[in-house]
There are 2 protein chains.
Amino acid sequence: MNRHLFVSKGRDDIPRWSEAFPGARQCSPQQVRAQAGAGDHVWIMTDIEDWPGLTERLVQRGAILVALSHQPNATQAFQALNAGARGYAHALSAPALLRQVALVTVNQGLWVWPELLRQVVGSTYRALGGASQANTQALACLTARERDVALAVAAGNSNKEVARKLEITERTVKAHLGAVFRKLRVRDRMQLILTLSGQEASVTS
Amino acid sequence: MNRHLFVSKGRDDIPRWSEAFPGARQCSPQQVRAQAGAGDHVWIMTDIEDWPGLTERLVQRGAILVALSHQPNATQAFQALNAGARGYAHALSAPALLRQVALVTVNQGLWVWPELLRQVVGSTYRALGGASQANTQALACLTARERDVALAVAAGNSNKEVARKLEITERTVKAHLGAVFRKLRVRDRMQLILTLSGQEASVTS
DNA sequence: TTGTTACCTGTCCTTCGGTCCAATACTTTT
DNA sequence: AAAAGTATTGGACCGAAGGACAGGTAACAA
């Protein structure tokens, strides 16, 4: 594969794109939706109808997505990354830069428009202060080991994963977990996570 | 320049590093502080005294920093990126992977340990308030019916209960749920509930 | 010593969860 | 009219989850 597909409405930016990648083709959203597959490099403009959705879909198919914007901004950058895009750059980037972006993204890297990168990472780091005020109330009546298991399970791990992490048998995880269920009076891991996150399970039966 | 310098306390991981980069040298924090300059590729272990500070300083000098950890986690990843590192990977990554990281970072790309990438991007997106709540963002790409099922499941209901509530077959619940998993790129209902409640699954394997 | 508790493991079994292979019908888009 | 998306169901399959039952060690208190 390894084709380069440019998804845009108009065709104004095509020259520098095709200069960057001689074999590149311009496509409509419908065309990429139909054609793009694993290994393809898809460059998508953010002025396209539902570009995050399309991005997400193509990423699922194994394509490498790079979002391009005429006015790069932080929110859109994260929308792109959140949708699975591996790059976010200015639409009028120089061919050399585009090739650099391709090189990075094809190697599992992320490429974010430099001016945005610094700004975004900085503000985010500050914003992410305290988050883990887990329910100490519920955890109080558990033994140390049960707490370990409960927290690991509540983080979304499977029994097998918990077992690996705590270096015990999957069977032991089940044993502890059973005790946790009894003590906290929940019926399964779903209820456990709801309890520990302070929410309430709304189960009718 | 373009030297490769590894900063670590011990020397246990040196073999695979020097296998990845034949000319690589292992340094103490004091040595890199004195020697490293523009264009150098510096790989720093996160068990080093004040590694964020050292990272920051070397980045200012124009070096390319990659942080390496034995237990990659989101907070540390942020610390690294915030300090100006361009990469964050597992300390025991295979030589081929290390070379890939080098290729990406030298081209202005970011390289984040894959398991963490989604987590980091997701939490960042929310922290920025790009979408006030993660769940609305996630639910947007679902159909009405899929939303019904996803919410019922996230409330802690079993498939059977959801089926009763929505007056459909358990089989249909599974079908919708499968679609939800695909679209939200989660592997099971545990991850789903974590996603919808705005938390992040910290699953390592 | 005995009793209790935490912790760890095993086997057997049932149910649940998730995915694969379909299929039918309805609506919307092209 | 043709194509695509959505909603619904079926069956088969397999692994995960959880309970029942039955052990084992180690620490600590009565």
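Each chain gets a letter, A, B and so on, in the order its sequence line appears, and its residues count up from 1. Keep in mind that this is a model prediction, so the values were computed, not measured.
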Residue-phosphate contact under 4.0 Å: A/K174 side-chain N/O, D/dG19 OP1/OP2: no
Along DNA chain D (nearest heavy atom to each residue), the more 5'-positioned of B/E146 and A/G178: B/E146
Distance in angstrom units between B/N157 CG and C/dG17 C1', rounded: 15 Å
Spacing of B/L166 atom CG relative to D/dT6 atom P, expressed in whole Å: 18 Å
Closest contact, heavy atoms only, B/H41 versus B/A102: CE1-O, 3.4 Å
Touch class at under 4.0 angstrom, heavy-atom based, for A/T172 against every strand present: base
Distance in angstrom units between B/H176 NE2 and D/dT8 P, rounded: 4 Å
Whole-Å gap separating P (D/dA7) and CD1 (B/I168): 10 Å
Position toward the 5' end of DNA chain D (nearest nucleotide), A/R189 or B/E167: B/E167
B/T169 vs D/dT9: side-chain N/O to OP1/OP2 distance below 4.0 Å: yes
Backbone N/O of B/E146 and side chain of B/T143: donor-acceptor pair under 3.5 Å: yes
Nucleotide nearest A/D188 (side chain, heavy atoms from C-beta), chosen from C/dC7, D/dG18, C/dG18: D/dG18
Per A/A144 side chain, nearest of listed nucleotides C/dC7, D/dG18, C/dC16: C/dC7
Touch class at under 4.0 angstrom, heavy-atom based, for A/A175 against every strand present: base
Value rounded to 0.5 Å, distance of CZ in B/R164 from CG in B/N157: 9.5 Å
Separation of D/dA17 P from A/M190 CE (nearest whole Å): 12 Å
Phosphate contact (C/dG17 OP1 or OP2) by B/N159 side-chain N/O below 4.0 Å: yes
Side-chain donor-acceptor pair present, A/R189, A/N159, cut-off under 3.5 Å: yes
Value in whole Å for how far the P atom of D/dT8 lies from CZ of B/R145: 4 Å
Between C1' of C/dC16 and CD of A/Q191, the distance in whole Å: 14 Å
Below 4.0 Å: OP1/OP2 of C/dT5 and any side-chain N or O of A/T143: no
Neighbour count >12 (heavy atoms, 6.0 Å) for atom CZ, B/R57: no
Touch class at under 4.0 angstrom, heavy-atom based, for A/R171 against every strand present: base
Nearest-angstrom distance from the residue atom CD of B/E170 to C1' of D/dT8: 15 Å
